S.K.: 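Okay, handing you the structure first.
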Amino acid sequence: MPIVEKLDEYGKGAWIAFAVLGFIVFWPLGLATLAFLFWSGRMGCGYARDRYEHRMSRLQDKMDRMRERMAGRDGRGFGGGFGGWGREPSSGNRAFDEYRSETLRRLEEEQREFHDFLGRLRMARDKAEFDQFMNERRNNPPANPPAQPDAA
């Protein structure tokens, strides 16, 4: 943008004069100029850059805390969550932990089988309803067949 570069060469005074002229000529132009000045940080307040840096630092802090929780270094004595992060909390008894993981695996398998069964049951019910509909339709043809347009 040649006008932006030119006004940057002259400094803040040129930008202020441009904004005032924008208000005099056409008020939305002056308003847009002011918004651009504050958004870009050209008036020296640094609002946009500081806000962006603040948001990025907060995001980085949150990501660091999440990594610490996933690695199990959060000081609460367990590593990351209840299975969702790949590791279950340990009870301290290996035999119980193995029993629990085997039971959970078996329950998940039964749950999968049950969902498959429900899917087959729904499919059979839908098929029966569809077959009944088709039989009724075959036995009772529509009373008023749709009119055929004359090809004239």
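Just so it is clear, the structure is predicted and the values come from calculations on it, not from any experiment. One-based numbering along the sequence shown.
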S.K.: Check whether any side-chain heavy atom of Thr103 sits under 4.5 Å from a side-chain heavy atom of Arg100, and report yes or no.
M.R.: no

S.K.: Would one find more than 12 heavy atoms of other residues, nucleotides or ligands at under 6.0 Å from atom CZ of Phe23?
M.R.: yes

S.K.: Is it the case that one hydrophobic cluster holds both Leu107 and Phe96, taking links as side-chain heavy atoms less than 4.5 Å apart, direct or via other members?
M.R.: no

S.K.: Would you say Leu29 ends up clustered with Ile3 if hydrophobic residues are merged whenever their side chains have heavy atoms under 4.5 Å apart, either directly or through other cluster members?
M.R.: no

S.K.: Students often mix this up, so state it plainly: with edges at 30° and 60°, are the rings of Trp15 and Phe18 parallel, tilted or perpendicular?
M.R.: perpendicular

S.K.: Taking only residues two or more places apart in sequence, or in another chain, which ones meet Glu113 in a salt bridge (charged side-chain N to carboxylate O under 4.0 Å, His left out)?
M.R.: none

S.K.: CG/Asp116 to CD/Gln111 distance, rounded to the nearest 0.5 angstrom?
M.R.: 10.5 Å

S.K.: CD/Glu110 to CZ/Phe117 distance, rounded to the nearest 0.5 angstrom?
M.R.: 14.0 Å

S.K.: If Ile, Leu, Val, Met, Phe, Trp and Tyr residues are connected whenever their side-chain heavy atoms lie under 4.5 Å apart, and connections chain through other members, are Ile24 and Phe26 in the same group?
M.R.: no

S.K.: Find out whether Leu121 and Arg125 are in side-chain contact, i.e. whether some heavy atom of one side chain is under 4.5 Å from a heavy atom of the other.
M.R.: no

S.K.: With Arg105, which residues qualify under salt bridge (charged side-chain N to carboxylate O under 4.0 Å, His left out), at least two apart?
M.R.: Glu102, Glu109

S.K.: Using every non-hydrogen atom in the two residues, find where Leu34 and Ala19 come nearest and quote the distance to one decimal.
M.R.: CD2-CB, 4.3 Å

S.K.: Apply the test salt bridge (charged side-chain N to carboxylate O under 4.0 Å, His left out) to residues Asp61 and Arg58: give CA-CA distance (whole Å), side-chain angles for both, the deciding distance (0.1 Å), then the verdict.
M.R.: CA-CA 5 Å; Asp61 291 342; Arg58 284 182 52 213; over 6 Å; no

S.K.: Are Arg112 and Glu108 close enough, and set up right, to give a salt bridge (charged side-chain N to carboxylate O under 4.0 Å, His left out), and what steps lead you there?
M.R.: CA-CA 6 Å; Arg112 248 189 326 272; Glu108 288 172 355; 5.2 Å; no

S.K.: Taking a hydrophobic cluster as the set of Ile, Leu, Val, Met, Phe, Trp and Tyr residues connected by side-chain heavy atoms closer than 4.5 Å, whether directly or through intermediates, do Val4 and Val25 fall within one such cluster?
M.R.: no

S.K.: To the nearest 0.5 angstrom, please state how far the CE atom of Met66 sits from the NZ atom of Lys62.
M.R.: 9.5 Å

S.K.: Name all pairs fulfilling the side chain to side chain donor-acceptor pair (under 3.5 Å) condition that reach into residues 18-32, sequence neighbours left out, sorted by first residue then second.
M.R.: none

S.K.: Do NZ/NE/NH1/NH2 and the carboxylate oxygens of Lys127 and Asp131 come within less than 4.0 Å?
M.R.: yes

